[in-house]
Amino acid sequence: MRVLLIEDEQRLAENIVAALRETGLAVDYALDGEAGSHLAEQGVYDAIVLDLMLPGKSGQRVLRDLRREKIHTPVLILTAQEGKESIVSLLNAGADDYLSKPFDLGELLARIKALIRRAKGVSNPILMVSDVELNTVQQTVRRRGQLLDLSPTEYRILEYLIHRPRAIVSKQELLEHLYDFDWEHHSNVIEAHVSNLRRKLNIAGTEPLIETLRHRGYRLRDEIAVL
Amino acid sequence: MRKSLSITRRLTVTVLALEFLSAMALIGAITIHEWHVQLKAFDSSLEASAESLMGAVQDAEDEGDNVMLDMRGVHLGKNAIFRVKDERGRVLGSAGEPPSLELPSSSEHVFHNMDISGRSYRFFVLHGLRIVDPGEPNGGTPHSITIIYGTPIGHVWHEVIESIRFFAIATAVLLGVTALIMAWSVRAVLSPVNELAREAERITARDWHFDAPRSAKETVELRPLAAALEAALARLQGSFDQQRRFTNDAAHELKTDVAIVKSSLQLLSMRKRTVEEYGQGLALSLDDFTRLEMTVQKMLTLARLEQQPIENSRSGTEFQYCSLRDVIEDAIHQSKPLAELKAISVVFECVADAKVPIDNRDALLLCSNILLNALQHSPNGTTVRIAMTVNEEAWLTVEDQGEGVSDEDRAHVFEPFYRGDPSRSRRSGGTGLGLSICKAICERAGGSIEIENRVVGGALVTVKLPVKPSVSIRSSSALLKAQ
């Protein structure tokens with residue numbers, strides 16, 4: 001999952017980015033409204049954390065423009081301003097959640113994850129597809145009760161695919177949602193990770209859970225066809 | 001006891017009292033006039049009656065050519081008293097008991113007032129000549145007749161009192177009507193006052209909006225009051241808004257700083273880390289905390305500077321003085337690292353030193369804040385020029401070669417937390433309190449601070465401070481000695 005942070009306070013942005021990356025999210029950040037708005041409108045993010053007082057373009061305008069562009073990425077507002085009115089008007093303008101500064105970093109992470117989950121149509125932090133169980137809190141994966149040892153990237157690929165069962169997910173889409181701009185990424189890397197993941201998920205005598213569709217991408221089956 | 005004044009009551013009472021007094025004066029004048037008129041009429045009727053009595057004196061047709069009184073056809077007033085005598089003292093006729101009045105020999109008409117058996121009478125004495133048989137050759141026999149005639153004067157009094165009563169009743173009615181009209185009209189006239197009060201009553205700490213009602217603005221007497229109220233409220237609202245803005249900005253600033261410190265520490269404690277990571281994280285957290293501390297420090301400084309003038313004037317303590325030149329040199333020394341980092345040369349031109357009424361710590365704060373501000377807004381490799389001149393005031397000017405200030409910003413740069421950017425970006429450094437602190441220091445010392453753009457580009461900050469008087473005298477005497 002990939003998150004965009006728009007926050008002009010450099011030190012705060014650094015801390016939030018570090019925390020988000022440590023929980024396995026890809027993060028891009030912008031230090032002003034213009035750049036943030038530009039990034040947000042690319043539509044590759046699964047959640048956006050938006051400060052209100054921004055140089056260049058205010059958070060309110062960033063949000064308004066985003067919704068006008070019909071981009072429905074969940075937005076969490078960070079604010080140090082007092083007053084309930086602005087929160088009400090922000091929620092009415094299309095924000096999904098808010099936290100006031102100074103906030104708890106753990107709460108911010110939990111809220112971002114909840115926002116991503118809900119945007120994907122899931123409310124339970126434990127995701128299930130056929131006999132695979134993915135715990136987004138502990139970041140663990142079990143198949144038929146058996147704990148699987150996945151690398152962080154493999155976990156993230158699986159998490160993304162589980163959110164989109166039966167759909168064909170292109171390599172490009174995986175790249176966009178799993179890596180931020182700070183990563184050197186090549187589609188070969190994805191291929192290697194997917195093949196590792198497929199191997200780890202595999203149980204003898206069943207069809208592979210992740211299908212590879214040549215030139216199109218990957219698909220997660222939600223029913224296991226017994227061979 | 002509370003003393004309460006009612007304009008309505010005062011006005012009404014004043015008008016009624018004036019009206020009453022003039023009515024009294026009028027009644028007095030009318031009484032005198034009426035008395036004269038009635039007395040004149042009374043006297044004429046006395047005269048007429050006496051004349052008719054004289055007419056009733058007839059020839060007695062006897063041999064002595066005497067006269068007699070023939071009362072037929074003579075109508076006299078009620079309760080009339082009279083006596084008719086001839087020259088020999090013979091009473092020809094009388095009614096009642098007229099007093100024996102000393103009769104003037106001349107024939108002038110004389111009136112006398114007298115009390116007869118408890119009643120006031122007015123008498124008229126008439127001397128007349130009746131000639132019996134005037135057709136006779138000897139010209140007839142003349143008889144000198146004296147008539148004393150009087151009637152009670154009570155009638156005159158009665159008339160006068162009647163007219164007084166009429167006027168008194170009219171006055172009372174007039175006073176009553178006036179009181180009613182006054183009560184109504186004064187209330188109507190004072191209604192703008194009430195409207196003004198009602199409008200003023202609506203002012204609360206939340207809603208400062210005050211618009212004097214039109215009726216009050218149209219009333220000449222109320223116009224200054226309405227204008228003063230409006231102006232006072234506008235000023236109050238201005239300072240309230242400024243305070244509220246300061247509180248909001250301060251809260252925003254502190255919250256942001258606290259958020260940074262908190263997130264730094266929470267990030268560090270998210271999972272177990274290596275000793276190096278902990279060390280690095282703690283160093284960063286300490287930096288973040290230092291910034292929070294700096295913000296708090298500056299807010300406290302500003303608060304101290306803004307409240308001290310009151311204490312000073314109350315306790316009457318004298319200002320401490322410091323040498324401005326030494327302080328500027330200290331400030332330049334302090335800011336050397338930043339100047340060197342940006343390769344900015346700082347030039348200081350100073351002819352004479354001046355003692356200014358600021359203590360050392362604040363003076364250094366003032367100078368280094370201005371200097372740091374200039375350095376921050378200067379491009380690398382430029383020059384910041386500081387100059388000091390001393391006349392009646394000490395003038396300190398700091399010029400930089402930066403982008404200068406926009407006209408919009410110029411009005412606000414000395415406001416707390418103003419950063420020349422609506423979003424209040426903090427990347428330019430500083431807390432946004434530096435120039436506010438400078439302004440507070442200057443104003444407390446009785447000086448001023450201004451910022452403007454130089455024609456050639458860049459900003460020019462001018463500080464004007466009062467100088468300790470004895471110093472300038474001493475320096476001029478030293479100058480004389482040197483000559």
Side-chain angles (χ1 to χ4, degrees), chain A residues 5-25 27 29-37 49-62 77-83 85-86 99-110 112 138-139 152, chain B residues 206 241 243-274 277-278 280-296 409 417-432:
Chain A
L5 170 68
I6 310 175
E7 162 68 63
D8 67 321
E9 190 51 55
Q10 178 106 34
R11 283 289 301 130
L12 194 59
E14 283 170 7
N15 287 340
I16 295 172
V17 167
L20 288 173
R21 283 190 179 148
E22 286 198 5
T23 59
L25 293 164
V27 190
Y29 72 94
L31 287 169
D32 65 76
E34 289 289 353
S37 199
V49 181
L50 181 62
D51 183 28
L52 281 187
M53 294 257 226
L54 290 169
K57 191 172 178 182
S58 75
Q60 285 94 333
R61 280 181 52 210
V62 172
I77 301 284
L78 281 183
T79 172
Q81 281 172 318
E82 293 285 341
E85 295 94 343
S86 67
L99 263 184
S100 52
K101 294 178 188 173
F103 51 84
D104 189 282
L105 205 53
E107 186 183 352
L108 176 66
L109 298 181
I112 292 170
Q138 295 168 1
Q139 304 204 344
Chain B
R206 278 162 191 278
D241 286 349
Q243 289 239 330
R244 196 175 297 158
R245 206 159 45 234
F246 178 82
T247 313
N248 280 344
D249 289 351
H252 181 263
E253 215 68 18
L254 287 173
K255 278 180 184 174
T256 306
D257 284 341
V258 169
I260 293 169
V261 174
K262 194 172 170 184
S263 66
S264 295
L265 292 170
Q266 283 180 335
L267 177 65
L268 205 56
S269 63
M270 266 175 73
R271 60 176 172 81
K272 271 225 171 309
R273 291 170 198 279
T274 63
E277 279 175 331
Y278 276 125
Q280 227 170 18
L282 279 177
L284 277 175
S285 301
L286 198 62
D287 282 351
D288 297 335
F289 186 78
T290 308
R291 208 169 82 170
L292 168 63
E293 193 188 7
M294 227 167 71
T295 307
V296 172
D409 290 350
F417 301 116
Y418 189 82
R419 276 207 188 81
D421 186 329
S423 63
R424 326 175 38 71
S425 165
R426 300 170 30 130
R427 262 180 293 166
S428 61
T431 51

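Chain identifiers are assigned alphabetically (A, B, ...) following the order of the sequence lines, protein sequences preceding nucleic acid strands; residue numbering begins at 1 within each chain. Source: prediction; values computed, not measured.
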Inset, instruction - Measure A:Asp51 against the heavy atoms of chain B and call it side chain, backbone, both or neither at under 4.5 Å. - result: neither
Legend entry - Residue, of B:Val258, B:Leu284, B:Asp287, that accumulates the most heavy atom pairs under 4.5 Å with chain A: B:Leu284
Legend entry - B:Gln280, CD atom: more than 12 neighbouring heavy atoms under 6.0 Å: no
Inset, instruction - Report yes if the side chains of B:Met270 and A:Thr23 come closer than 4.5 Å at any heavy-atom pair, otherwise no. - result: yes
Inset, instruction - Mind checking the NZ-CG spacing from A:Lys101 to B:Asp257? Nearest 0.5 Å is all I need. - result: 10.0 Å
Inset, instruction - Give the minimum heavy-atom separation between B:Ser264 and A:Arg11, together with the two atoms involved. - result: OG-NH2, 3.1 Å
Legend entry - Nearest heavy-atom neighbours spanning B:Lys262 and A:Pro102: NZ-O, 4.0 Å
Legend entry - Max heavy-atom pair count under 4.5 Å with chain B, selected residue of A:Leu108, A:Asp104, A:Leu52: A:Asp104
Inset, instruction - Please report the C-alpha distance between B:Gln266 and A:Asn15 in whole Å, then the side-chain angles of each, then the deciding distance to 0.1 Å, and finally whether the side-chain contact (heavy atoms from CB on, under 4.5 Å) criterion is met. - result: CA-CA 9 Å; B:Gln266 283 180 335; A:Asn15 287 340; over 6 Å; no
Inset, instruction - Output the distance between atom CD1 (A:Ile16) and atom OG (B:Ser263), rounded to the nearest 0.5 Å. - result: 6.5 Å
Inset, instruction - Can you tell which part of A:Leu109 gets under 4.5 Å to a heavy atom of chain B, answering side chain, backbone, both or neither? - result: side chain
Legend entry - Which atoms of B:Leu268 approach chain A - backbone, side chain, both or neither, heavy atom under 4.5 Å: neither
Inset, instruction - Report yes if some heavy atom in the side chain of A:Glu14 is under 4.5 Å from a heavy atom in the side chain of B:Leu267; otherwise report no. - result: no
Legend entry - Rounded distance [0.5 Å steps], CG in B:Asp288 versus CD in A:Glu9: 9.0 Å
